2 protein chains.
Amino acid sequence: MLKRVRSQSAHSVLCCPIGVTLFPTPFPRAHFDQALELQSIYHELYCAMTEDEHWIQTTLQEILHVNSLAAALWEIHRKVKRVDGYIQNISCGIFRSDYMLQGDGTSKLAIDPADGPISTPQLKQVEFNTFSCAGASHAQKTVDMHRHFTRTGAYASLTNGGSPVSLAALPENNNIQSLGACLAEAHALYGQAKSKVAAKTAVLFVVQPQNFNIADERPVEYALWNRDSPVPAYRVEWGDDLLAHTSLSKTKELLFHPPWLQLQAPIEISVVYLRAGYEADEYNDAGKSARVRLETSRAIKCPTLLAQILTFKKVQQALAEPGSVERFLSPEKAAKIRKTFVPMYPLDESQAGVRARKWAADPDVAEHFVLKPSLEGGCHNVYGANIPDFLASVAPSAWCAYILMERIRSPAVYNVLMSPQGIGSGQVVSELGVIGTCIWKKRTMEGSEFLSNTVAGWSFKTKLAGVDEMSVVKGYGCFDTPLLY
Amino acid sequence: MLKRVRSQSAHSVLCCPIGVTLFPTPFPRAHFDQALELQSIYHELYCAMTEDEHWIQTTLQEILHVNSLAAALWEIHRKVKRVDGYIQNISCGIFRSDYMLQGDGTSKLAIDPADGPISTPQLKQVEFNTFSCAGASHAQKTVDMHRHFTRTGAYASLTNGGSPVSLAALPENNNIQSLGACLAEAHALYGQAKSKVAAKTAVLFVVQPQNFNIADERPVEYALWNRDSPVPAYRVEWGDDLLAHTSLSKTKELLFHPPWLQLQAPIEISVVYLRAGYEADEYNDAGKSARVRLETSRAIKCPTLLAQILTFKKVQQALAEPGSVERFLSPEKAAKIRKTFVPMYPLDESQAGVRARKWAADPDVAEHFVLKPSLEGGCHNVYGANIPDFLASVAPSAWCAYILMERIRSPAVYNVLMSPQGIGSGQVVSELGVIGTCIWKKRTMEGSEFLSNTVAGWSFKTKLAGVDEMSVVKGYGCFDTPLLY
């Protein structure tokens, strides 16, 4: 379900079903397993990166003047360090690594019994999300739907390698409980309330007002309350509300005292789970103050500001440069990660950047690339032949905010997509997101150690092959389930 | 959630939240327990009535010419008996007995800590529903919501007998699983497929097309699939679809063969759960043929046609007459049931009817009554001072289709109602529905015996005291949870 935010009143709101595929889409089991296995190594990589402030600063330096979100976050980081520093040495991450298959697999009709499995291509990373990863709940509901259809016999016309579809080919998904478990573990690691005035501890969800996606967000909150040992979880809106309803004790505990709960004593926040603060315009004065308060507090952040900063495409491109991954991981692990990269280029004035600028200006060459700004989500991307005209409209001094990434050409299969925008059928391509959770503790001098590092689940989205964007909200992309073969 | 049926397309539909109370409404625990205890006795009563065709015929005789639904059902009953008779001796019932409190309890503000419990009135039955009982899923979701608010501390301002509200005061509710368990038990009692051509057995939900209330209906279907030993359950629309996708074998097995499942062999229906066929206009030729097919089949019906017929208000009024309940129950049980009756009168030409007609024509006297037609639900009722004018617009020959029932005056308490129509606060009154399930087997000569007879759960609806109708769909009534004291 998605909320129709504009229809909202004090007493009601309209909503409509989120887009889904009618059938699960074939996806090779080996690549699915590979993606799941890689997740803990990706966590190692990004965790190590958060500890290397020098590398982050060098990498982001050139986009700070053209990317206001990066600039705001870096300013907050410097302010926190200048004033009190980071007091909490435990960090929590809910990350999602997105992949597509790359290869020349010929198109096969998945629902035609005569078809065999598609040819096996390679797993390539689209992006790594470190912040406010969405889709976990929708993905779980969608696989439940496809598994239900399988049980009822509705997929009698669908085959998987010549056999009827079995439940074993549709991997179960417990995203909601897994994310709840991660936050509950971080909550337990925080321990008892440190502040003498606090009555108890709780997890705080920091959310955007007017959120159309509460059906994805709130199940995680309810999962905390529904555990055998319930974990209290509350919600506050980013910005002014957060400033009004929280405070910092002298010893930096984050205290929550919303008037609507009529509390005798404030609640001490153990874990802050951020589902807001990823758009530049959220960093007005109130937004900046709110983020400084969270970061200087003793609460465990999910994620920390430095982990958030790693979500910029510029970081992804810098990681693709020779030696970068190897700086953070053992050669063996680095090689596994690097195999999932597609070529990425800066658009700066380096030698590689100058060459990439030429490619981006040539429609025939640009056809093979996608231009990505360092912004959240894929809806600001520019694809293929549209790149030259788009770049021509941007001042060259701002080109360094973008990276040029080789387009991933996935083998297409047949499916039917259903969304509020309509029903479409034809050749489709899918994107697998592996959702992982980790908690790590910084040790002065020795780097950091993981307290937990696991795969939470996955999401799977599918769009018509001829459409560039995977946006589910716009109705191009649909939630889906991999039909493993 | 309620579907906005008019917004439905092939690929999407809008929906909106169902009306709920912001706070649970105080209700005496003794009366709640009493209502639950009565349920198995009410099942005995209605089960015994289904076996007494003579009594049913005598009771309904005079409304057959003025109530087209009753006439259609009776015609089908006679046709089934004339041709093949009823072949299945096991019957299943999902029943709901609705009560309100009657008494002069003075109004108390439930959310004012200074208030003690309201004075204790008496439990009185509003009606007994034998067919397509709705609200089970909504009721379960609503108590989950009120329990969640209790856990979060949102009810800090609410007290219950001077103490904070505890979860123990908000009774848990497993309607969905309980209804699934009832249908699963009936399915198991049906046993293996009898027809040689059938591949397996399954439960069939017979539903109305364009149903706004699927969020209430489908969870029961999914509960069957989600059992540890899943029970297959399918859905077919009343009328033409049912006729097209089912057939009767020579030995009266009901076979289901919908084209969308591309079955090699038909499915033999073990249990038919009817959520359609309760409105007169559903009994066109296709509707009548469909019902005859169901009733003549070997499938266990939930409920049988004779059980459905007992839902007419005329039956309720006839039961209130001296000796009626006692005809079916032991004196002790009859007394318990009778205590829940309010005075009810026919509007026929009997002595009682002539007297009731006089009352109904006098606005001052009519004020104490509600006029009820023998139709499903409460939305056709006429209340108090509106009765004389309404009856004046109806031909006196059709008056016998109505009964005159003393209005139940409940003690009012304060609450806030939120529905798509708006937010309203003030004095409210509630209606408790006890949902029960039973399965019984007819023994020739010896009457019948219960194979199961249990309370499934409850629903609880609340409206502003000044509003006559309890209609949730129109936004007058809201789902609620009893706050037991």
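Naming convention: chains lettered A, B, ... in sequence-line order (proteins, then strands); numbering from 1 in each chain. Computed from a predicted model, the values in this text were never measured in an experiment.
In this structure, the portion of A/Ser419 lying under 4.5 Å from any heavy atom of chain B is its backbone and not its side chain. If you measure heavy-atom distances from A/Gln264 to chain B, you find no contacts under 4.5 Å at all. For a residue to count as touching a neighbouring chain, one of its non-hydrogen atoms must lie under 4.5 Å from one of that chain's; by this rule A/Pro232 does not touch chain B. Residue A/Tyr155 does not touch chain B at all, counting heavy-atom pairs closer than 4.5 Å.
Rounding to the nearest 0.5 Å gives a distance of 8.0 Å between CG of B/Asp144 and CG of A/Asn226. Note that CD1 of B/Ile423 and OG of A/Ser9 are 7.5 Å apart. Values are rounded to the nearest 0.5 Å. In this structure, SG in A/Cys16 is found 9.5 Å from NE2 in B/His11, a value given to the nearest 0.5 Å. Atom CZ of A/Arg147 and atom CH2 of B/Trp225 lie 13.0 Å apart (nearest 0.5 Å).
Options B/His148, B/Arg151, B/Met418 differ in how many heavy-atom pairs under 4.5 Å they form with chain A, and the most are formed by B/Arg151. Of the listed residues (B/Gly153, B/Pro17, B/Ala233), the one with the most heavy-atom contacts under 4.5 Å to chain A is B/Pro17.
Crowding of A/Arg4 atom CZ: a count of heavy atoms from other residues, nucleotides or ligands under 6.0 Å not exceeding 12. Within a 6.0 Å radius of CD in B/Glu172, no more than 12 heavy atoms belonging to other residues, nucleotides or ligands are found. Heavy atoms of other residues, nucleotides or ligands lying less than 6.0 angstrom from OH of B/Tyr476 number 12 at most.
Between B/Thr152 and A/Leu261, the shortest heavy-atom contact is O-CD2, 3.6 Å.
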Checklist entry - Between B/Cys15 and A/Met1, does a side chain to side chain contact (heavy atoms under 4.5 Å, CB included) hold up when you go through it step by step? => result CA-CA 9 Å; B/Cys15 50; A/Met1 284 285 173; 3.4 Å; yes

